[in-house]
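Only one structure is covered here, and it is reproduced in the block below.
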2 protein chains.
Amino acid sequence: PTASHSAANRPSYGSLWPLPQKVQMSTVVFKLSGASFQIVDAKESSSGASCSLLQNAYRRYFEYIFPSARKQGHVKKKTPASAVSELQVWITSADTECDGFPNVTSDESYACFSVVKDLFIMLGFLDDCYHCLICLLPGLETFSQLVYEGEYGAKSINRTEISDFPRFAHRGVLLDTSRHFLPIKVILANLEAMAWNKFNVFHWHIVDDPSFPYLSRTFPQLTFHPYTHVYTPSDVKMIIEFARLRGIRVVPEFDTPGHTQSWGKGQKDLLTPCYSGASPSGSFGPVNPILNTTYEFMSMFFKEVSTVFPDAYIHLGGDEVDFNCWKSNPDIQKFMEQQGFGTDYSKLESLYIQRILDIVSSTNKHYLIWQEVFDNGVKLKQDTVVNVWIGNKVEEELQKVTEAGFTTILSAPWYLDYISYGQDWQKYYLAEPLGFKGTDAQKKLVVGGEACLWGEYVDATNLTPRLWPRASAVAERLWSDKDVRDLNDAYSRLAQHRCRMVQRGIPAEPLFSGYCAYEYKGV
Amino acid sequence: PTASHSAANRPSYGSLWPLPQKVQMSTVVFKLSGASFQIVDAKESSSGASCSLLQNAYRRYFEYIFPSARKQGHVKKKTPASAVSELQVWITSADTECDGFPNVTSDESYACFSVVKDLFIMLGFLDDCYHCLICLLPGLETFSQLVYEGEYGAKSINRTEISDFPRFAHRGVLLDTSRHFLPIKVILANLEAMAWNKFNVFHWHIVDDPSFPYLSRTFPQLTFHPYTHVYTPSDVKMIIEFARLRGIRVVPEFDTPGHTQSWGKGQKDLLTPCYSGASPSGSFGPVNPILNTTYEFMSMFFKEVSTVFPDAYIHLGGDEVDFNCWKSNPDIQKFMEQQGFGTDYSKLESLYIQRILDIVSSTNKHYLIWQEVFDNGVKLKQDTVVNVWIGNKVEEELQKVTEAGFTTILSAPWYLDYISYGQDWQKYYLAEPLGFKGTDAQKKLVVGGEACLWGEYVDATNLTPRLWPRASAVAERLWSDKDVRDLNDAYSRLAQHRCRMVQRGIPAEPLFSGYCAYEYKGV
């Protein structure tokens with residue numbers, strides 16, 4: 001396939017991504033004039049000008065549709081005949097929490113009645129909508145995707161009716177800021193692109209072995225990085241607010257007891273001293289699970305984290321705990337004996353994790369954990385979300401986790417850091433989260449998935465083009481109907497969607513040979 | 001390895017890339033002051049202020065070393081004690097062709113006597129240097145790599161003696177502007193980065209099946225692309241001049257008879273009509289080798305090309321000719337019969353290629369061709385350069401080609417478009433061009449190699465970070481001594497070299513976890 005993707009040969013329908021649940025598009029075309037078009041609150045709407053989330057979203061989408069500047073205020077020209085004058089946004093819900101945060105139970109359903117009467121467009125919401133301010137955002141994105149450049153470059157829209165809702169509630173992107181620091185600018189740009197793809201969770205793998213860029217108010221000594229490579233409290237706050245305005249939750253991950261080498265640099269006695277024979281080797285292993293000081297530290301630390309991050313969930317990690325260091329340490333050996341654990345170090349891990357879960361529960365947060373914690377038989381509270389990531393036996397794992405009654409998030413098929421030659425987006429696109437054997441009740445426990453871009457080989461120089469549009473494939477799998485899986489149709493829409501991302505300023509890489517009407521302006 | 005690469009822990013020697021042939025560095029450190037330091041022509045130098053190639057290079061390297069602005073002219077402050085006041089450039093050759101083009105016989109040897117006496121630095125050249133204006137450029141690059149930020153960020157340089165020359169004369173990068181158009185800005189940025197890596201050939205695979213962005217004065221109708229996606233004659237001129245100022249040759253490739261689908265759109269009867277049974281199928285194959293009009297067209301076309309591109313070489317392609325269309329065409333069948341070729345279509349290819357070689361020879365150009373032309377037994381002139389690209393049996397191919405007495409360029413181990421997970425730069429780094437069995441005379445025929453980044457999956461959004469620093473691995477293999485192949489040492493220098501490229505504004509991707517003192521400022 002050597003398709004070329006110019007605006008000229010673009011079907012007015014063909015750039016919707018992810019594909020809405022229901023689209024009825026007619027061939028009747030209306031024009032939109034940048035000089036007169038407005039996005040406004042409908043008269044009947046229960047929310048309005050005082051809500052900055054709404055006003056910011058209106059401005060943002062106006063700019064996507066009409067990138068060139070226009071004077072603010074009432075310079076409104078008479079709308080030409082057969083042109084659309086307004087997008088009216090109609091919030092029906094009484095619950096218009098403008099300052100609230102998106103939530104896993106947020107209803108993102110919306111209905112988009114394009115050009116129903118009198119040449120204006122209604123963007124409304126289903127009657128049972130609880131968080132309409134949130135569901136507004138995917139609706140606006142879809143609306144902006146409906147506008148295309150018709151004859152003479154005129155902004156055009158077809159008469160269309162859409163009703164839409166996501167298939168999965170949790171649609172995340174994992175970024176790793178420990179293996180490489182990501183400047184704020186890069187994080188914000190990718191939050192933008194996430195919103196264009198209707199992702200609603202930023203899984204922030206913020207610290208890990210190589211570095212601890214999270215600047216803790218309580219334990220600032222944990223951050224050994226140069227000051228240029230640190231997220232200050234106000235950086236974190238800004239990222240959370242930027243995400244909130246785009247309907248995106250920020251779920252931080254503080255992974256313990258493994259993946260904590262960087263923690264040990266600033267916090268004495270937190271990590272287990274490894275032994276070489278009878279004496280300490282000088283290197284350190286996972287968090288030391290047998291000291292009271294460990295749990296005192298963790299209590300204070302997670303208390304801070306629970307206030308800094310407003311989301312109801314914290315990701316607690318728990319993956320890849322290497323038992324060798326614990327095994328080498330005589331104090332730990334003695335402790336194992338006292339507890340009657342024999343040589344089963346997963347029992348020691350279990351003990352540690354349970355105390356951490358209790359600590360975090362006491363801050364009124366829910367938590368996610370990587371699958372090993374479940375696999376190792378750690379006793380988990382029923383509201384724990386198990387994050388499935390190990391690449392083999394994925395379906396068996398999903399079966400087991402849901403059989404045990406746990407909610408689960410699937411990441412395994414979507415490790416975007418594993419690059420390969422060719423159109424690997426197809427592999428991500430065709431992965432089916434509910435392809436395992438199980439009852440309907442089990443399937444309902446799969447609440448979503450995440451595209452993971454681990455940080456070994458990406459930083460500000462290459463992260464963004466490596467993430468987009470490969471993550472977009474995951475976005476459609478998690479949003480659209482499960483039967484939307486035709487690769488040719490997807491190729492055509494995705495090629496246009498990636499050109500739209502490029503036009504909006506994000507260096508999304510090409511799927512294959514071809515070109516965009518508006519190429520990327522950077523290097 | 002999770003090495004971090006800050007300026008602080010950087011050994012003053014450790015960022016040289018590619019490693020010079022001979023470096024003697026002492027621990028004596030001198031400082032350079034941005035307020036007083038100058039790059040100037042030595043009194044004894046045979047070239048000077050009238051040469052814009054020199055003056056441009058001085059300014060460029062001054063800016064790399066001192067990125068912040070300084071007033072032009074004689075604001076020179078007194079140089080502080082123990083600081084270096086000048087870099088004196090001493091051109092010994094009488095042949096100071098300031099306006100000439102670099103050439104495959106250009107001598108790039110240089111000697112860099114850092115801080116020899118009276119606190120200034122001499123950058124001079126070997127006595128047998130023919131094209132000293134060219135060899136100056138790698139010398140300046142090395143000089144700039146010697147400067148580092150010492151205590152308090154002070155620009156510092158160690159007393160050093162270097163003598164240096166490239167192992168191979170032809171050190172190229174292939175970029176493909178047909179599968180994706182590359183904006184001028186992207187090409188120029190990558191020419192800059194090529195110079196930092198001492199690459200000296202830009203192999204411009206300018207047209208191919210998907211598009212013909214080269215705007216021909218003689219045949220403008222060949223270019224069917226939108227006007228935004230075209231290289232005009234002045235664009236081409238600018239690219240060639242930009243390259244020349246950096247010691248880089250521009251070798252264009254006009255690949256025939258295959259890879260020419262785009263040519264056929266604008267030039268009637270140029271391509272072979274394919275047949276389905278007794279009638280034309282509507283699709284077209286390679287260039288039609290049996291019509292006189294074909295050769296009339298090619299004569300005019302290559303006459304133009306030979307004047308637009310000043311380099312002594314043109315790459316004529318000749319790869320992957322699919323014989324199926326020729327086989328299907330009754331006129332071609334008849335011609336084969338008349339010629340007594342039987343069913344050996346490589347004889348037909350041979351006939352075509354020989355005529356093209358004659359045409360190009362008559363314009364006084366030399367040429368490169370892809371290996372199939374040699375493999376298929378086409379009779380070649382002795383000055384033909386064979387470009388080896390097929391990934392299996394590389395050593396046998398090099399053996400055969402050089403046994404037949406042909407000069408050769410190796411591209412096969414360096415197809416950078418084939419991405420994979422992990423540190424694939426190591427594979428490129430360890431590839432040894434002279435690893436095949438052959439006499440010394442045969443080895444001498446291997447004049448260099450090329451890093452190839454074909455365009456299926458890269459455009460302005462992702463080309464630059466995908467090329468650098470992976471191509472840098474090839475650069476060192478082609479420049480430095482063959483025994484320079486220690487991966488740990490290379491990792492450490494290359495990590496710093498990539499941070500230097502980032503600091504100079506190129507989004508070179510990371511090798512592995514870590515960070516740069518100056519991160520990339522874009523997205």
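In what follows, every chain begins at residue 1, and chains take the letters A, B, ... in the order their sequences are listed.
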What part of [X] lies closer than 4.5 angstrom to a heavy atom of chain A: side chain, backbone, both or neither?
X	answer
B:Asp417	both
B:Leu188	neither
B:Val523	both

Sub-4.5 Å side-chain heavy-atom contact between [X] and [Y]:
X	Y	result
B:Tyr457	A:Gln423	yes
B:Asn462	A:Asn462	no
B:Ser420	A:Ile419	no

Atom pair [atom1] ([X]) and [atom2] ([Y]), whose distance is rounded to the nearest 0.5 Å:
X	Y	atom1	atom2	value
B:Tyr518	A:Thr228	OH	OG1	9.5 Å
B:Lys185	A:Tyr520	NZ	OH	8.0 Å
A:Ser513	B:Asp459	OG	CG	10.5 Å

Exercise for the section: Verify whether one side chain among B:Glu519 and A:His180 offers a donor that lies under 3.5 Å from an acceptor in the other. Expected result: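 B:Glu519 vs A:His180: no donor-acceptor pair found between side chains.
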Exercise for the section: Give the minimum heavy-atom separation between A:Arg498 and B:Thr461, together with the two atoms involved. Expected result: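 Minimum heavy-atom separation between A:Arg498 and B:Thr461: NH1-CG2, 3.8 Å.
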Handout entry: Among the listed options B:Ala189, B:Ser211, B:Ala460, B:Ser178, the residue most often paired with chain A at heavy-atom distances under 4.5 Å
Key =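 Sorted descending by pairs with chain A, the first entry is B:Ala460.
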Practice task
May I ask you to name which of B:Asn190, B:Ile506, B:Val186, B:Thr464 has the most heavy-atom pairs under 4.5 Å with chain A?
Solution key: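 Of B:Asn190, B:Ile506, B:Val186, B:Thr464, B:Thr464 has the most heavy-atom pairs under 4.5 Å with chain A.
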Practice task
Assign the ring pair A:His229 / B:Tyr515 to parallel, tilted or perpendicular, where the plane angle (0 to 90°) is split at 30° and 60°.
Solution key: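 A:His229 vs B:Tyr515 ring planes: tilted.
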Practice task
Tell me, out of A:Gly455, A:Pro510, A:Gly522, who's got the most heavy-atom pairs with chain B below 4.5 Å.
Solution key: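 Of the candidates given, the most pairs with chain B belong to A:Pro510.
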